[in-house]
Novice: 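One structure follows; several queries about it will come next.
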Amino acid sequence: QAALPLVINTWPFKIATDAAWRSLQSGGSVLDAVEKGCTQCEVSQCDGSVGYGGSPDERGETTLDAMIMNGDTMEVGAVADLRRVKNAIGVARAVMERTSHTLLVGESASVFAENMGFAAEDLTTNKSLNIFSEWLKGNCQPNYRKNVLPDPSKQCGPYQPQALVTDKQLRGHANVHSHD
Amino acid sequence: TIGMIAVDQGGHVAAGTSTNGLTHKVPGRVGDSPIVGAGAYADSQVGAAAATGDGDVMMRFLPSYLAVEQMRSGADPSAACKTAISRIKRHYADFFGAIICANTTGHYGAACNSVDGFSQFFYMISNSETDAPHLMSVDC
């Protein structure tokens, strides 16, 4: 089992492994390999859980999170809640290489990305729109809210805090189709 | 979500993640993927780990950092991964998640928590022996 170099990734995303492996074989660094592999998944929208057009939020918007870490220097670049930019891992690497920070988030991360030359594009697709509209039709189920009114297990928002806070433990809705 | 680790022949290690998160999340919600030590962690003195699953739960336990520290203490990658999963399971028996681990000598492993509809975790590896992507799995 011990053989170097090595690329390993979560889930059966063969195209990502292949892209990373080819990067290493062509003389790229381990950072290049990780960036290429993750970028390939973003472009190919691996399993719908990576890249644009997947996992719409309560408002129907797709946002992206990504991180890259250099094990030699312990430098890290990360972006969270990134809007309008498809290449999240590329922006994460730009955070690492073009700032002294570790994590940029939200709208400001998108502005940083645009300033660094990344294209601003709509991350919505017909598929993500359909997922969102089906969710609305299904009374916004599944739903991650709790201790709010109206009852989030039955109705859509807008929500207000519930006067009496319950201790009810809710199970998460993450599964093989919706995950981090 | 994808979590990825690369190790070269010189033992240089990098790790990364990319995701669009949970479907129907509350706007502004961020999972474990961009959090150092949660979604992934790398240290070229030891190796790296990358996690996937329910980030709202997993990020509370920094499983990738824990797995790397386990490997630093001598655990093999599979055992390190199992420890990281077990630590979460103590508090959230039915959490959905998995983790991959690799050390600087090219050994690797994975672990996951069995829940309804998820009893086996699939992951990919490519190394100098396979010279191409190879599908691997681990029973949760």
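The chains referred to below are lettered A, B, ... by the order of the sequence lines, with proteins before strands, and numbering in each begins at 1.
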Novice: For atom CZ of Arg72(B), is the number of surrounding heavy atoms from other residues, nucleotides or ligands below 6.0 Å larger than 12?
Specialist: yes
Novice: Could you check which of Gly51(A), Cys46(A), Ala20(A) has the highest count of heavy-atom pairs closer than 4.5 Å to chain B?
Specialist: Gly51(A)
Novice: To the nearest 0.5 angstrom, please state how far the OG1 atom of Thr23(B) sits from the OH atom of Tyr144(A).
Specialist: 7.0 Å
Novice: Are Asp57(A) and Arg29(B) close enough that some pair of their side-chain heavy atoms sits under 4.5 Å apart?
Specialist: no
Novice: Going by distance alone, is a donor N or O of one side chain under 3.5 Å from an acceptor N or O of the other, for Asp72(A) and Ser44(B)?
Specialist: yes
Novice: Counting heavy-atom pairs under 4.5 Å to chain B, which of Cys38(A), Gly157(A), Ala78(A), Gly77(A) comes out on top?
Specialist: Cys38(A)
Novice: Tell me, side chain or backbone of Ala40(B) under 4.5 Å from chain A's heavy atoms, or both, or neither?
Specialist: both
Novice: Check whether any side-chain heavy atom of Phe96(B) sits under 4.5 Å from a side-chain heavy atom of Val176(A), and report yes or no.
Specialist: yes
Novice: I need the residue from Val30(A), Ile89(A), Val34(A) with the largest number of non-hydrogen atom pairs under 4.5 Å to chain B.
Specialist: Val30(A)
Novice: Counting only non-hydrogen atoms closer than 4.5 Å, does Thr62(A) touch chain B with its backbone (N, CA, C, O), its side chain (CB onward), both, or neither?
Specialist: side chain
Novice: So which of Asn175(A), Val76(A), Ile68(A), Asp81(A) has the biggest tally of heavy-atom pairs under 4.5 Å with chain B?
Specialist: Asn175(A)
Novice: Heavy-atom distance under 4.5 Å to chain B: side chain of Val79(A), backbone, both or neither?
Specialist: backbone
Novice: Shortest non-hydrogen contact from Asp131(B) to Gln25(A)?
Specialist: OD1-NE2, 4.0 Å
Novice: Checking His12(B) side chain against Gly71(A) main chain: does a donor-acceptor pair fall under 3.5 Å?
Specialist: no
Novice: Give a yes or no on whether Gln45(B) atom CD has more than 12 heavy-atom contacts from other residues, nucleotides or ligands under 6.0 Å away.
Specialist: no
Novice: Is there side-chain contact between Leu135(B) and Lys14(A), with heavy atoms separated by less than 4.5 Å?
Specialist: no
Novice: Is there a donor-acceptor pair closer than 3.5 Å between any side-chain N or O of Ser128(B) and the backbone N or O of Leu4(A)?
Specialist: yes
Novice: Under 4.5 Å between side-chain heavy atoms, hopping through other hydrophobics if needed: is there a path connecting Met124(B) to Ile100(B)?
Specialist: no
Novice: Is there a donor-acceptor pair under 3.5 Å between the side chain of Asn127(B) and the backbone N or O of Leu6(A)?
Specialist: no
Novice: Give a yes or no on whether Asn115(A) atom CG has more than 12 heavy-atom contacts from other residues, nucleotides or ligands under 6.0 Å away.
Specialist: yes
Novice: Please report the interatomic distance CD(Glu42(A)) to CD1(Ile2(B)), rounded to the nearest 0.5 Å.
Specialist: 9.0 Å
Novice: Less than 4.5 Å to any heavy atom of chain B: does that hold for the side chain of Leu82(A), its backbone, both, or neither?
Specialist: neither
Novice: What option among Asp65(A), Thr17(A), Leu64(A) has the most heavy-atom pairs under 4.5 Å with chain B?
Specialist: Asp65(A)
Novice: So what's closer than 4.5 Å to chain B heavy atoms on Glu35(A): side chain, backbone, both or neither?
Specialist: neither
Novice: Chain A: which of Ser18(B), Ser137(B), Gly55(B), Ser126(B) shares the most heavy-atom pairs with it under 4.5 Å?
Specialist: Ser126(B)
Novice: Which one, Phe95(B), Phe121(B), Phe118(B), leads in non-hydrogen pairs under 4.5 Å with chain A?
Specialist: Phe121(B)
Novice: If you compare all heavy atoms of Arg145(A) against all heavy atoms of Pro27(B), which two are closest, and at what distance to 0.1 Å?
Specialist: NH2-CD, 4.5 Å
Novice: Can you tell me which portion of Thr104(B) sits under 4.5 Å from chain A's heavy atoms? Options are side chain, backbone, both or neither.
Specialist: backbone
Novice: Carefully, step by step, assess Tyr52(A) and Asn20(B) under the rule side chain to side chain contact (heavy atoms under 4.5 Å, CB included).
Specialist: CA-CA 7 Å; Tyr52(A) 69 100; Asn20(B) 52 32; over 6 Å; no
Novice: At a heavy-atom distance under 4.5 Å, which candidate from Thr39(A), Val50(A), Asn70(A), Leu123(A) has the highest pair count against chain B?
Specialist: Val50(A)
Novice: Is chain B contacted by the side chain of Met74(A), its backbone, both, or neither, given a heavy-atom distance below 4.5 Å?
Specialist: side chain
Novice: Is it the side chain or the backbone of Ala110(B) that comes within 4.5 Å of chain A heavy atoms, both, or neither?
Specialist: neither
Novice: Please name the pair of heavy atoms, one in Ala33(A) and one in Met4(B), separated by the smallest distance, quoted to 0.1 Å.
Specialist: O-SD, 3.9 Å
Novice: Which answer fits Ile5(B), side chain, backbone, both or neither, if we ask what part of it has an atom under 4.5 Å from a heavy atom of chain A?
Specialist: both
Novice: Is chain B contacted by the side chain of Trp11(A), its backbone, both, or neither, given a heavy-atom distance below 4.5 Å?
Specialist: both
Novice: How about Ile8(A) and Tyr123(B): do any of their side-chain heavy atoms sit closer than 4.5 Å?
Specialist: yes
Novice: Evaluate Asp180(A) against Lys25(B) for salt bridge (Lys or Arg N to Asp or Glu O under 4.0 Å), listing each step before the verdict.
Specialist: CA-CA 11 Å; Asp180(A) 294 293; Lys25(B) 56 186 162 291; over 6 Å; no
Novice: Answer yes or no: does atom OH of Tyr159(A) have more than 12 heavy-atom neighbours from other residues, nucleotides or ligands under 6.0 Å?
Specialist: yes
Novice: Within a strict 4.5 Å, meaning less than it, do heavy atoms of the Pro5(A) and Val7(B) side chains meet?
Specialist: no
Novice: Considering only heavy atoms from C-beta outward, does the side chain of Asn143(A) approach that of His24(B) to under 4.5 Å?
Specialist: no
Novice: Among the clusters formed by ILVMFWY side chains lying less than 4.5 Å apart, do Leu104(A) and Met116(A) turn up in the same one?
Specialist: yes
Novice: Tell me which of these, Asn103(B), Val68(B), Thr52(B), Asp32(B), has more heavy-atom pairs under 4.5 Å with chain A than the rest.
Specialist: Thr52(B)
Novice: Using a 3.5 Å distance criterion without hydrogens, assess whether the side chain of Ser55(A) forms a donor-acceptor pair with backbone atoms of Gly21(B).
Specialist: yes
Novice: Check whether Tyr41(B) gets within reach of chain A through its side chain, its backbone, both or neither, counting any heavy atom under 4.5 Å.
Specialist: both
Novice: Rounded to the nearest 0.5 Å, what separation is found between the CG atom of Asp56(B) and the NE2 atom of His173(A)?
Specialist: 10.5 Å
Novice: Under 3.5 Å, which donor-acceptor pairs do the side chains of residues 81-89 of chain B form with other protein atoms, sequence neighbours left out?
Specialist:
residue  : atom : partner  : partner atom : Å
Thr83(B) : OG1  : Ala79(B) : O            : 3.0
Ser86(B) : OG   : Lys82(B) : O            : 2.9

